[in-house]
Amino acid sequence: MTYAHITGWGMAVPEKVLTNDEISKMVDTNDEWIRSRTGIAERHIAAEDESSATLAADAALRALEVANLKASDLDLVIVSSSSPEHIFPATASIVQDTIGATNAGAFDLSAACTGFIFATNMAAQAIRSGSIKNVLVIGTETLSRFVDWTDRNTCILFGDGAGAFVLQADEEPGGVLSAVMHSDGSGADLLTIPAGGSKQPATAKTVNDGLHFIKMEGKGVFRFATRVMARATKETLEEAGLTTDDLDLVIPHQANTRIIEAAARGLKMPMDKFVVNLDRYGNTSTASIPIATVEAFESGRLKAGDKVVFVGFGGGLTWGALAAEWSGPLSAEKKVHHGRYLFLARIRSVLLRALRVVEGLLWGDYGRKRKL
Ligand code: UT7
């Protein structure tokens with residue numbers, strides 16, 4: 001039997017940090033309100049030369065390094081994002097090219113903040129089917145580009161960043177144990193970017209009306225989130241034949257500390273079993289779970305053999321959970337083996353980015369065509 005193991009993980013966040021105090025100079029809010037209502041103290045914001053694809057590629061290269069895998073060994077790249085580079089082509093195609101995943105198919109998956117759970121489950125299912133062996137799953141966001149910085153209901157919440165997992169086939173039992181995926185499109189209006197799609201294409205009027213920005217009915221999303229987090233966790237545990245007593249860690253979507261506390265109460269679990277890092281990153285949407293996972297691993301809270309549940313909710317509406325037995329890092333000996341290759345892959349990614357900028361400056365569209 002084939003199992004889907006999580007063998008690599010990586011994250012990337014922009015250097016620039018935006019604090020609550022800085023936001024309070026832009027809109028009528030204050031540090032105390034934001035901290036007490038959300039738990040957020042600061043978030044990272046992408047610089048001009050950063051985008052969902054560049055952050056994704058950085059996180060991906062780190063995940064490949066941990067997994068001790070070459071990009072050319074990947075069979076599939078799935079990118080989950082609500083702030084993709086374009087409507088098309090897929091951000092996954094751009095990432096696939098940047099990291100040199102020359103043998104992989106690549107596509108985007110859109111399920112808002114729950115996207116990383118859906119994508120990881122799809123990767124695990126594909127591996128278990130026996131058709132592919134190595135999959136890269138990335139959650140990446142630059143939602144700061146879609147935030148109305150005059151709307152205090154939303155601009156305090158979101159941050160930019162990316163996180164990635166490598167999943168690999170192995171005969172050894174473990175890895176992804178179960179998953180549940182849910183959607184309820186009747187709540188689609190609660191969290192949306194109204195214009196810019198085929199229903200309401202971008203026009204001067206949609207831009208004047210601010211319809212290209214995130215619109216959210218915060219209370220409605222909050223109520224929905226507190227209903228589904230504990231329920232989805234229980235469902236996936238049941239499917240895996242586990243109970244909350246078996247769980248070492250829960251890694252929830254990082255949207256609001258009060259939502260995570262409600263989930264802990266619903267599961268009758270102590271808060272110290274939950275990873276919370278939204279104080280430093282805000283809500284990075286689909287990137288929040290892999291970013292929290294990387295930090296949990298690096299701080300020693302997540303260890304090989306641990307039973308962990310990832311659980312999230314978001315626009316759509318969507319929600320889901322995934323249970324896994326954490327596979328742990330590969331041996332140091334194996335890591336050294338590909339160290340040189342990965343160093344070169346990073347250099348290649350930086351050079352490619354610089355080349356695109358120079359080509360754009362010199363030849364505009366012609367620069368792109370030359371490459372083809
Ligand atoms: O990944 C999924 C994405 N979305 C979410 O997870 C959002 C879920 N929802 C939430 O986290 C919360 O609903 C918010 C944090 C967005 C808002 O917290 P709330 O406790 O639901 O506040 P509220 O919207 O009910 O607003 C309470 C008051 C209002 O004033 P009045 O009408 O009582 O006078 C708001 O105008 O707080 C006011 N308010 C603010 N005050 C200072 C709203 N935003 C702010 C602000 N600073 N930034």
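Whatever order the structure lists ligands and atoms in, that order sets their numbers, starting from 1.
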| Any idea which part of T29 is under 4.0 Å from ligand 1, heavy-atom wise: side chain, backbone, both or neither? |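 The part of T29 near ligand 1 is both the backbone and the side chain.
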Which ligand 1 atoms does [X] reach within 4.0 Å, using its non-hydrogen atoms?
X    : value
R37  : 19 (P), 20 (O), 22 (O), 27 (C)
I156 : 48 (N)
N153 : 43 (C), 44 (N)
C113 : 1 (O), 2 (C)
F313 : 2 (C), 6 (O)
A255 : 6 (O)
T38  : 15 (C)

Sub-4.0 Å protein heavy atom near [atom]:
atom                    : value
atom 19 (P) of ligand 1 : yes
atom 32 (O) of ligand 1 : no
atom 29 (C) of ligand 1 : no

| So, does S288 use its side chain to make a donor-acceptor pair with the main chain of T284 at under 3.5 Å? |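 No, the answer is negative, given that no donor and acceptor are paired below the 3.5 Å cut-off.
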Minimum-distance protein heavy atom relative to [atom]:
atom                    : value
atom 9 (N) of ligand 1  : G218 O, 3.0 Å
atom 39 (N) of ligand 1 : W33 CZ2, 3.4 Å
atom 4 (N) of ligand 1  : M216 SD, 3.3 Å
atom 5 (C) of ligand 1  : V221 CG1, 3.8 Å
atom 3 (C) of ligand 1  : N283 ND2, 3.4 Å
atom 11 (O) of ligand 1 : N256 ND2, 2.8 Å
atom 23 (P) of ligand 1 : K219 NZ, 4.0 Å
atom 38 (C) of ligand 1 : R152 NH2, 3.6 Å

Reported [atom1]-to-[atom2] distance for the pair [X] and [Y], which is rounded to 0.5 angstrom:
X    : Y   : atom1 : atom2 : value
T150 : M26 : OG1   : CE    : 9.5 Å
L64  : S72 : CG    : OG    : 9.5 Å
I156 : T38 : CD1   : OG1   : 5.5 Å

Do the side-chain N and O atoms of [X] and [Y] include a donor-acceptor pair separated by under 3.5 angstrom?
X    : Y    : answer
R43  : N20  : yes
E85  : S52  : no
E239 : T236 : no
E325 : Y3   : no

| said: Can you tell me if D189 has over 12 outside heavy atoms packed within less than 6.0 Å of its CG? | reply: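 Incorrect, the count does not exceed 12.
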| said: Looking at K133, I'd like to know if its NZ atom is crowded, meaning that more than 12 non-hydrogen atoms belonging to other residues, nucleotides or ligands lie closer than 6.0 Å. | reply: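 At most 12 heavy atoms, drawn from other residues, nucleotides or ligands, come within 6.0 Å of this atom.
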| message | Is the shortest side-chain heavy-atom distance between V27 and D151 below 4.5 Å? | response |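 In short, these two side chains do not touch, never coming nearer than 4.5 Å.
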| request: Kindly indicate whether the side chain of L249, heavy atoms from C-beta on, has any atom under 4.5 Å from the side chain of D306. | output: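 The answer is no; the side chains never approach within 4.5 Å.
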| Do any nitrogen or oxygen atoms of N30 lie less than 3.5 angstrom from nitrogen or oxygen atoms of ligand 1? |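 Such a contact does not occur with ligand 1.
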| said: If I apply the N/O under 3.5 Å rule, does L191 come out as touching ligand 1? | reply: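 No, there is no polar N/O contact under 3.5 Å.
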| request: Report the residue from W319, F165, F116 that forms a ring pair (Phe, Tyr, Trp, His ring centres under 6.0 Å) with F310. | output: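 It is F165; the other options fail the test.
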